[in-house]
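Below: one structure, written as structure tokens.
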Amino acid sequence: MINIILPDNSVRQYPKGITGLELARSISEGLARNVLSVMVDGEVQDASLPITKDASVRLLTWNDPEGKATLWHSSAHLMAEAIELLYPGVKFGIGPDIEQGFYYDIDFRDQSISSDDFPKIEQKMLELAREKQTFHRIEKTKKEALGYFSGKGDEYKVELINDLEDGEITFYESGYFTDLCRGPHLPDTGPIKAVKLLAIAGAYWRGDETRKQLTRIYGITFPKQKELDEYLVMLEEAKKRDHRKLGKELELFTFSQRVGQGLPLWLPRGAQLRELLEAFLKRTQKRMGYVQVICPHIGNVELYKTSGHYQKYGESSFRPITTPIPGEEFFLKPMNCPHHCEIYSSKPRSYKDLPIRMAEFGTVYRYEQSGELHGLTRVRGFTQDDAHIFCTPNQVKDEFKGVMEIVMLIFKALSFKDFVIQISLRDKNNKEKYIGSDENWDKAEQAILEVAEESGLDTIVVPGEAAFYGPKMDFMVKDAIGRKWQLGTIQVDYNLPDRFEMEYIGADNQKHRPVMIHRAPFGSMERFVAVLLEHTGGNFPLWLAPDQAIVLPISEKYHDYAKKVLNLLNNSEIRALVDERNEKAGKKIRDAELMKIPYMLVVGEREANEGTVSVRKHGHGDLGPKKVEDFISHAKNEITEELGGL
RNA sequence: GCCGAUGUAGCUCAGCUGGUAGAGCAGCUGAUUUGUAAUCAGCUGGUCGGCGGUUCGAAUCCGUCCAUCGGCUCCA
């Protein structure tokens, strides 16, 4: 007998070799039907595998992320099986589960496939799933494994097996399909009740663009048709929040082929929004001891040779700008830091001057690959809310902390709750990859970890992900359809101070090298606005709404009163406009609602006589009449509350 | 850059197997003077993404380029 500890900490005795499935059945038939896989001492394994020693065990169902992963992983196999039956002779790459579903990379060789073929494959998958095909786990020697797949002519699997050690190779068999796989898998294909293939795309074998491109098919499956339906509705809803769609509808920005791809044009309302964000950050930075600087959009090629960007990115940049002088070249600036370094070096610096916090909303230009451009999140010209802090090695920690505070302040003012903080450190086994002294690296990494710890926020530490010039902290946020984007970033840099031979005079009257910290709390204004749009669905907090209120006169007779109200609002710095169109109130309200203007102020005879406005709040409906000055103070209070005094 | 899909009026879309373009909204003009999500009528507006080809004839078929979308790769 063995002791099994269940999640409620109860201990039960079972015969040695009991499977997860049997264990579930001993608790209830219903649980047995729903169990997808099982976690034994923290490791997910097949529910059909025996448990041979004392262990703490969690039965995983659709309600557990690991359970979902098991279902999706098995679904990838199911899809591969269906495809192998429908398209004999195809070769398989890898087919993992992902956050939302699964994919399989497949070499279709001379057969062609498009999304038109999805229904056929989905049907086949459901057909096979209904057969309740059992997943069999089979341990193989390397020789056997290689034999099987070379016999099948699947060079991708052969390559994968060659990278594996003998003794850790397992196959899974289900129905007509056998695959190299670590598992775990479902007991059988029965729980896969609803199938949807979502997308087809090219994907390089092992992510290497010099190797063959396979066809990747993305899909998702569910244990109930209803859940698939809900998921599809959710996807539709997410599409409505797409910043590209909202940006067009709310007249925030546009693109023009004539201007060029990836070069956004900010419309008046979008520009207003950006200015508000910038002003907010400038206020905060001023309070925190930053100084503003301004630099031109181009720089001599020598600047980027000094910074090293030319050597690394010169070839993949916009072509240089030439002048009438032979040999003279300028580059559109891809970064603000080299310019800022020159400002630092424009006069001798004392340790008493440090830290110097130099901020600029600097527009930079990068030649991103055309396939990578995406709305406002990936563009070729964008404005960073950039700043560079020049400080002594001992000041790194405090400065890092100060920056993190700014980022948190911003996230709070915009109610960003769903973000991930990633700390990227160097690979300790590969120290020669990095520039800067061992001692400084240790100091900086230590400082970052301490600041993170003291902040009490959840962070992910990823060794080996640091830039060659220093460790960093990134703030990642998801967009409407779950894609992750990096917003804010804080990076320590030992490289540029060296390359620009920056110095300060220390208390010892000797020359020292400052440390540089790059930081951008929003990241880029473009990407930040994109993510903000998707998070708010275009329903901005009052302080950020491009138009905060719109006055809606019932008829032409009340235009004079409407303008009077508008004046009062404008005098109180409330951004408002009047809808003077010859339309009925219902129409004006509808249009204002669609533009997501926070407050609609209806004025007619009653209001004109009484000095009031009838307040309607976007998304809430009629709030009834208010004196104009009462509405103003109401709005002002709301803004103060949103900003929490910032 | 690569794989796949898409590209019709400012916007959203229709246009069957090739017979030379249509709706709603927006815009303009007029009527109406309006009370909490669309007042009515008339009008304007498109070398059907560009260029080439097949054909008596191309929005429709083929090629190519451009752009957009979904991924891959990349991201100072």
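Because only heavy atoms are used, hydrogens play no part in the values below, and waters and symmetry mates are left out as well, while side chains stay in. Here the structure is a predicted model, which is why all the values come from computation and not from measurement. The sequence lines fix the lettering, A, B, ..., with proteins before strands; numbering per chain opens at 1.
When each of B:rG1, B:rA76, B:rA38 is scored by its nearest atom to the side-chain atoms of A:Lys587, the top-ranked nucleotide is B:rA38. Comparing B:rC2, B:rA37, B:rU34 by their nearest atom to the side chain of A:Ser555 picks out B:rU34.
Between A:Tyr218 and B:rG71, no base-stacking contact is recorded for ring centres under 5.5 Å apart and planes less than 30° from parallel.
Contact annotation for A:Ala201: base contact, defined as any heavy-atom pair under 4.0 Å involving a base atom. Within the 4.0 angstrom heavy-atom criterion, only backbone atoms of the sugar-phosphate kind lie near A:Lys557; the bases stay farther away. When heavy atoms are screened at a 4.0 angstrom cut-off, A:Arg216 is found touching the sugar-phosphate backbone but no base atom. Note on A:Glu605: a base of the nucleic acid sits closer than 4.0 angstrom, heavy atoms only. Note on A:Ser614: a base of the nucleic acid sits closer than 4.0 angstrom, heavy atoms only. Among the heavy atoms of the strands lying under 4.0 Å from A:Glu583 is at least one base atom, whether or not backbone atoms are also near. Residue-level contact check: A:Glu607 touches the bases, meaning some heavy atom is under 4.0 Å from a base atom. Backbone-only engagement by A:His374 is indicated by non-hydrogen atom pairs under 4.0 Å involving sugar-phosphate atoms exclusively. Looking at heavy-atom distances under 4.0 Å, A:Gln213 makes contact with a base. Residue contacts shown for A:Ser115 are absent, as no nucleic acid heavy atom lies under 4.0 Å away. Note on A:Glu556: a base of the nucleic acid sits closer than 4.0 angstrom, heavy atoms only. Across all strands shown, A:Gly371 has heavy atoms under 4.0 Å from base atoms, whether or not it also approaches the sugar-phosphate.
B:rA38 makes up no base pair with any nucleotide shown, lacking Watson-Crick or G-U wobble contacts both under 3.5 Å. Nucleotide B:rU47 forms a pair with no other nucleotide shown, judged by Watson-Crick or G-U wobble geometry with both contacts under 3.5 Å.
Nearest-nucleotide positions on RNA chain B place A:Arg380 closer to the 5' end than the other of A:Gly586 and A:Arg380. The 5' end of RNA chain B is approached more closely, in terms of each residue's nearest nucleotide, by A:Val615 than by the other of A:Pro334 and A:Val615.
Closest heavy-atom contact between A:Met79 and A:Leu197: SD-CD2, 3.6 Å.
Judged by distance alone, with hydrogens and angles left aside, A:Tyr367 brings no side-chain donor or acceptor close enough to the base of B:rG1 to form a pair under 3.5 Å. With hydrogens and angles ignored, no donor-acceptor pair closer than 3.5 Å exists between the side chain of A:Arg258 and the base of B:rA67.
The NZ atom of A:Lys588 sits 9 Å away from the C1' atom of B:rU34 (whole-angstrom rounding). Look at CD1 on A:Ile113: it is 14 Å from C1' on B:rA5, rounded to the nearest Å. Taking atom NZ on A:Lys196 and atom P on B:rG70, their separation rounds to 17 Å, with Å as the unit. Put simply, CG on A:Leu198 is 11 Å from C1' on B:rG70, counting in whole angstrom units. Between the CZ atom of A:Arg590 and the C1' atom of B:rC25 there is a distance of 9 Å, given to the nearest Å.
Between the side chain of A:Tyr434 and the backbone N or O of A:Asp427, at least one donor-acceptor pair lies under 3.5 Å.
The aromatic ring centres of A:Tyr599 and A:Phe631 sit less than 6.0 Å apart.
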